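None of these values were measured; they are calculated from a predicted model. Worth knowing before you read on, the calculation uses all heavy atoms, side chains too, and leaves out hydrogens, waters and symmetry mates. Throughout, protein chains are lettered first and strands after them, A, B, ... in sequence-line order, and every chain is numbered starting at 1.
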Amino acid sequence: MTVRTRFAPSPTGYLHIGGVRTALFNWLYARRHGGTFILRIDDTDAERNVEEALEPILSGLKWLGIDWDEGPGVGGPHAPYFQSQRSAGHKAAVGKLLASGHAYRDFAKPEELDEERKAAQAAGKPYLYSRRFAAFTSDEAARFAAEGRQGVVRLKMPREGSLVIDDAVRGRVEFAWEREQDHVIQRADGSCLYHLASVVDDHDFEITHVIRAEEHLSNTPRQAYIALSLGYPLPAYAHLPLVAEPGSRTKLSKRKLAAYLKNPDFRQMQDHGTRIAERIGVAAAADTFNPVIVDFYREVGYLPWAIDNAMALLGWAYDDKTEFFSRDELIAAFSLERINASPASFDPKKLWSVQDHYMHALSADEKLALMLPYLVKAGLVSSPPTADQTATVRRVIEASGDRLKVSGDILGYADFFLLEEPVLDPQAVAQKLAKPGVADLLARYAGSIAAVTPFEPGPLEEATKAFVAEAGLKLGDVIHPVRVAITGKTVGPGLYDCLAILGASKSIARIDRARGLAG
RNA sequence: GGCCCCAUCGUCUAGAGGCCUAGGACACGGGCCUUUCAAGCCUGCAACCGGGGUUCGAAUCCCCGUGGGGUCACCA
């Protein structure tokens, strides 16, 4: 049997990080078993701008390297892959269910249903529809319709016995049929609902493994009932643990963003990303740009595989020590058996550290290719960058080392080299420059390095140490004010690197100018 | 509330009856290195929800509590 899995997002306008985990696991399982990974768009709820709402999802998956074998853009033998375009099949299935007595037309009004529900509640009994307005024959249906009632189609759920599924993550799970409601599968307007459509499409697509989040576990009985009634074989089920909020076990939801922002780690990640976004002209409104949404990571310059690797670790582990996997290694290592059953909370710090690890592993040239576009977008280099600019940025990247955690971080490390004048951080100026004697110190230091040749880190270090020794100072006494003088900041690459990258004339000019601000 | 799921350091997890004095990673604390900030190295702190069984032996199996979560739409 060829493994066939699917990810079936609704066009909501953004790709949620929890959805990424579900997509990733489906993809990994298919790849692991030489199977097929299918992308289906569950758009039965007829939204207005499906295309617009779908784009971020498709581009997000592509960016993450989660490629699909069948679906939008690539087609496939079971096209179309949009649920809204498969309604004929859904309606035919409803017809079959009706004909076989597994479903019925129902003419109850919402308020009548409410009444029953309330009565059951008052009696302290579990609610079960009386089927009072069920029409099992066309005569009955005609009579109800004559009363001006509207008909929907409901599942005629069994009222005894139970369903047992063998979930790949949870093991044996049993549901009593009598606890299941007669769910609506077709609306009065003839359109079909998700559960029906999903089961029919899964069967049409020959899906062998339904791998989805745990929130769907309690939907399984009605779906299994539909499948069984239609004579479909049941797929294997694997219900993944929920991706929970940072520091909690509650399902991660985009709607609760305000609460997440109270989490210091989440907040820090958000603020860091927002700072970068603002500099490159990306709209960074918190509700559309935050660490729950994949676009956030792409815009800010995280590495896609870092996100994948980090998400794979949410609810799954290979062993007691391996955490980093290449794409091929992850595929080879992945199995449903090793999925954990308990909810896993999303930890921004952990994601950050995985990102750090992968950024760390990149060569200067690889970083250059990723980071240069950020400088272009921020207007710090021309488009395309000149050879000089590129060379400077490359040196900055080398000098910055592991300080650059995401591609967008280059903005804060390269700007003072690329700008004619550094932007001075007032606090840095107050702390390091505005001290008595600093102006004089800077003048003497500028003089002492003016003649250094070549103007490179090694000789500069020697000259600086000699200067310090002669003046009877500590190294820090010189380095801190000089750093602020030439970069405007207190943090950055090593000072000798900064001087060398900037060059003798610019360095000395900046030191001279900073004397005006010094004490 | 009914049904279902879950329960090991703050977080992600390893652990399928003895390898457990419970391992790893992130975070956190201390130290080294050091011109800032990172990185790196050393080191420390920190968990089996509770109670009953079963067993020579339980984090692991069973039961009962407790706690947390999901779900109960003419949403997906």
Side-chain angles (χ1 to χ4, degrees), chain A residues 8-12 42-45 47 83 106 110 113 117 120-121 124-127 150-154 167 169-171 173-176 178-181 183-189 191-195 197-198 213-222 239 241-242 244 246-251 265 310 313-324 337-338 340-354 356-357 360 400-405 409 413 428 432 461 464-465 468 474-480 482-484 487 489-496 498:
Chain A
S10 288
T12 50
D42 282 8
D43 57 349
T44 54
D45 201 25
E47 245 140 295
Q83 214 159 46
D106 181 59
L113 258 16
R117 214 185 315 261
Q121 212 171 350
K125 284 183 178 174
Y127 165 68
Q150 291 215 307
V152 298
V153 178
R154 287 183 185 279
D167 190 277
V169 176
R170 274 144 235 286
V173 184
E174 182 169 3
F175 301 89
E178 59 179 348
R179 288 282 170 275
E180 296 298 320
Q181 303 297 330
H183 285 98
V184 174
I185 53 174
Q186 186 174 33
R187 299 182 182 93
D189 69 3
S191 63
C192 294
L193 271 73
Y194 164 75
H195 295 292
S198 183
E214 196 212 305
E215 59 194 284
H216 286 290
L217 184 56
S218 48
N219 296 154
T220 305
R222 85 188 70 153
H239 286 95
L242 252 21
S248 160
R249 306 238 120 164
T250 310
K251 181 168 89 166
D265 298 341
L313 264 16
L314 232 44
W316 176 86
Y318 178 66
D319 59 16
D320 62 341
K321 40 184 71 80
T322 317
E323 290 206 299
F324 298 111
E337 290 69 42
R338 295 200 61 86
N340 210 96
S342 54
S345 71
F346 171 69
D347 182 359
K349 279 265 174 61
K350 182 74 178 187
L351 174 54
W352 182 263
S353 80
V354 175
D356 186 29
H357 174 266
H360 204 333
S400 300
D402 304 321
R403 296 174 183 85
L404 302 168
K405 305 299 186 190
D409 283 339
Y413 281 87
K432 307 293 185 192
E461 178 169 3
T464 305
K465 285 188 170 154
V468 164
K474 282 183 292 182
L475 203 49
D477 296 335
V478 174
I479 281 187
H480 298 305
V482 173
R483 173 190 302 287
V484 175
T487 71
K489 307 178 187 188
T490 55
V491 302
L495 181 66
Y496 310 124
C498 289

Q: Give A:Gln121 one of three labels, base, sugar-phosphate or nothing, depending on what nucleic acid heavy atoms sit under 4.0 Å from its own.
A: nothing
Q | Atom P, compared across B:rG44 and B:rC26: separation rounded to whole Å | A | 15 Å
Anything under 3.5 Å between a protein N or O and an N or O of nucleotides 18-24 of chain B, put it in a table, one pair a line.
{"unit_1": "B:rG23", "atom_1": "N2", "unit_2": "A:Asp320", "atom_2": "O", "d": "3.3"}

Q. Once you round it to whole Å, what is the distance between P of B:rC28 and CH2 of A:Trp352?
A. 13 Å
Q) Can we say A:Glu214 and A:Arg170 salt-bridge, meaning some charged N sits less than 4.0 Å from an Asp/Glu carboxylate O? A) yes
Q: Between protein and nucleotides 69-76 of chain B, map the contacts as a letter string: B base, S sugar-phosphate only, - none, heavy atoms under 4.0 Å, written 5' to 3'.
A: BSS-SBSB
Q: With P as the reference atom in both, quote the distance from B:rC12 to B:rG57 in angstrom, rounded to an integer.
A: 34 Å
Q | Nucleotide opposite B:rG2 in a Watson-Crick or G-U pair, distances under 3.5 Å | A | B:rU71
Q. Considering every strand shown, what is the Watson-Crick or G-U wobble mate of B:rA7 when both distances are under 3.5 Å?
A. B:rU66
(Q) Tell me the interatomic distance from A:Asp265, atom CG, to B:rC12, atom C1', rounded to whole angstroms. (A) 13 Å
Q. Quick one: A:Asn340 CG to B:rA16 P, roughly how many Å, whole number?
A. 14 Å
(Q) Need one value for A:Gly315: base, sugar-phosphate or nothing, where a base atom within 4.0 Å counts as base even if backbone is also close, heavy atoms only. (A) sugar-phosphate
Q) For atom OH of A:Tyr194, is the number of surrounding heavy atoms from other residues, nucleotides or ligands below 6.0 Å larger than 12? A) yes
Q. Does A:Asp167 use its side chain to pair, donor to acceptor, with the backbone of A:His239 at less than 3.5 Å?
A. yes
Q) Given the C1' atoms of B:rA16 and B:rC74, what is the spacing between them in whole Å? A) 46 Å
Q. With A:Thr322, which residues qualify under side-chain hydrogen bond (donor to acceptor under 3.5 Å, both in side chains), at least two apart?
A. A:Asp319
Q: Check whether any side-chain heavy atom of A:Lys465 lies under 4.5 Å from a side-chain heavy atom of A:Leu475, and answer yes or no.
A: yes
(Q) Rounding to an integer number of angstrom, what distance separates B:rG17 and B:rC48 when you compare their C1' atoms? (A) 15 Å
Q | Partners meeting ring pair (Phe, Tyr, Trp, His ring centres under 6.0 Å) with A:His357 (sequence neighbours left out) | A | A:Phe324
Q) A:Phe175 has a side chain; which of B:rA27, B:rU11, B:rC4 sits nearest to it? A) B:rC4
Q. Is there a donor in the side chain of A:Arg483 and an acceptor in the side chain of A:Thr487, or the other way round, less than 3.5 Å apart?
A. no
Q.
With nearest nucleotide decided by heavy atoms, which residue, A:Leu314 or A:Lys349, maps closer to the 5′ end of RNA chain B?
A. A:Leu314
Q) With both distances kept under 3.5 Å, what pairs with B:rC20, Watson-Crick or G-U wobble? A) none
Q | B/S/- contact track for nucleotides 29-40 of chain B, protein heavy atom under 4.0 Å | A | ------BBBSS-
**Q.** Base paired to B:rU60 (Watson-Crick or G-U; both N/O distances under 3.5 angstrom)
**A.** none
**Q.** Integer angstrom distance from the P of B:rG1 to that of B:rG65
**A.** 14 Å
Q: To the nearest 0.5 Å, tell me how far A:His195 NE2 sits from A:His216 NE2.
A: 8.0 Å
Q | A:Gln121 atom CD, over 12 foreign heavy atoms within 6.0 Å | A | no
Q: Inspect the surroundings of CD in A:Glu215 and state if more than 12 heavy atoms from other residues, nucleotides or ligands are less than 6.0 Å away.
A: yes
Q) Paired with B:rG44 by Watson-Crick or G-U wobble geometry, both distances under 3.5 Å: which nucleotide is it? A) B:rC28
Q | A:Ser345 (side chain) donor-acceptor with A:Pro246 (main chain) under 3.5 angstrom | A | no
Q: Return the set of residues passing side-chain hydrogen bond (donor to acceptor under 3.5 Å, both in side chains) with A:Arg249 (not counting sequence neighbours), or none when no residue passes.
A: none
(Q) For the C1' atoms, the ones on B:rU60 and on B:rA7, what distance do you get once it is rounded to whole angstrom? (A) 14 Å
Q. With rounding to whole Å, what would you report as the distance between B:rC9 and B:rC20 at their C1' atoms?
A. 15 Å
Q.
Main chain of A:Ala176, side chain of A:Arg179: is a donor-acceptor contact present, judged purely on distance under 3.5 Å?
A. no
Q | Nucleotide opposite B:rU34 in a Watson-Crick or G-U pair, distances under 3.5 Å | A | none
Q. Rounding to the closest angstrom, what is the interatomic distance between B:rC6 and B:rC49 at atom P?
A. 15 Å
